[in-house]
2 protein chains.
Amino acid sequence: MSEQNFEMEHQQALHNLKQGLPDDTDLEAMVNIFKAFGDMTRVKIILALSETPLSVGEIADTLDMSQSSISHQLSILKQLNLVSNARRGRNIHYRLSDQHIITIFNQTKEHIIEDDNDF
Amino acid sequence: MSEQNFEMEHQQALHNLKQGLPDDTDLEAMVNIFKAFGDMTRVKIILALSETPLSVGEIADTLDMSQSSISHQLSILKQLNLVSNARRGRNIHYRLSDQHIITIFNQTKEHIIEDDNDF
DNA sequence: TGAATATATGAGCATTCATTCATATATGAA
DNA sequence: TTCATATATGAATGAATGCTCATATATTCA
């Protein structure tokens, strides 16, 4: 294919882009989830919960962080439907609401591994 | 399996967790990538670049944002190896460095779609 | 009921971060 | 070389965010 054809396709694509991009309200849900994943504490909580359901106190112990801090972060994860909870006696047990999440983590790790090959 | 066995497995899992969680330096790379995805502007840039390589100016036009703002965000994406660039005449063309990224976006969208079914 | 334990929540604070503005750098054209 | 265009960059600013501290709520146990 000729240089001109590439250029035409590019112009075409460029023109379509402005309309074609999903609008803010559609993207917001995705961005919010990535925001949630963009914090070390929340990532560790998620990784811990991927092994077994845990109470708030157990998570705080595991991560060596305050109960309050963990509770705040859990409420963010819950609002995004990333975790769900259920009271069991005095404790409240949290669990991952969707194993999908771990797939996303793994996919991202793979991206990083590929990077390491460029040098 | 009995209630006690569940409890024992839980204790076992809990005990393993504190050692088992990846340490901060390992997680940081992943967290940084999610941080990058956790911003509307950067997500839009990535989506645009997934259609076709674009110059800085073209991106700024497409997203209706200042050249400076786009340039700042591109430098963040570049540092994370999410995009690469090449000068072409007066312009600098950016492209996605890895199509993996779009897979991650799609996977995340699927998570959201599943959520919508709970009501 | 009262004490102890587990969790949630709101305010305050320090930090991070996205954008803007001004300006520097690099390229192509005249 | 000089001008115009494209991009990068640093400082400043306002908004968002994560943690702490104090306190409220809920549950169990004696």
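Per chain, numbering begins at 1; letters A, B, ... match sequence-line order. The figures that follow rest on heavy atoms only: side chains count, while hydrogens, waters and symmetry mates do not.
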According to a strict under-4.0 Å criterion, is Y94(B) in side-chain N/O contact with OP1 or OP2 of dA6(D)? no
What is the nucleic acid contact for S75(A), judged by heavy atoms within less than 4.0 Å: base, sugar-phosphate only, or nothing? nothing
Assess whether a salt bridge exists between K18(A) and D61(B), defined as any Lys/Arg side-chain N lying under 4.0 Å from an Asp/Glu carboxylate O. no
Check whether any side-chain nitrogen or oxygen of R87(B) sits under 4.0 Å from OP1 or OP2 of dA26(C), and answer yes or no. no
Distance, rounded to the nearest Å, where I70(B) contributes CD1 and dT20(C) contributes C1': 13 Å
Could you tell me whether the side chain of Q67(A) has a donor or acceptor atom within less than 3.5 Å of a complementary atom in the base of dA8(C)? yes
Ignoring hydrogens and angles, answer whether the base of dC21(D) and the side-chain atoms of S68(A) contain a donor-acceptor pair closer than 3.5 Å. yes
Reckon S71(B) has a side-chain N or O less than 4.0 Å from the OP1 or OP2 of dT9(D)? no
Counting only side-chain N and O atoms of S55(A), is one of them less than 4.0 Å from OP1 or OP2 of dT7(C)? yes
For S69(B), which contact category applies under a 4.0 Å heavy-atom criterion: base, sugar-phosphate, or nothing? base
Separation of atom NZ in K44(A) from atom P in dG18(D), rounded to whole Å: 15 Å
Check the phosphate of dT7(D) against N91(B), side-chain N and O only, distance under 4.0 Å to OP1 or OP2. Yes or no? yes
When you compare the ring of H72(B) with the six-membered ring of dT19(C)'s base, are the centres less than 5.5 Å apart and the planes under 30° from each other? no
L14(B) vs T52(A) side-chain heavy atoms within contact, under 4.5 Å: no
dC29(D) OP1/OP2 closer than 4.0 Å to side-chain N/O of R90(A): no
Hey, is the side chain of R42(B) poking within less than 4.0 Å of OP1 or OP2 on dA18(C), counting only N and O atoms? yes
side-chain contact (heavy atoms from CB on, under 4.5 Å), paired with Y94(B), selected from V56(B), L54(B), I70(B), L77(B): V56(B)
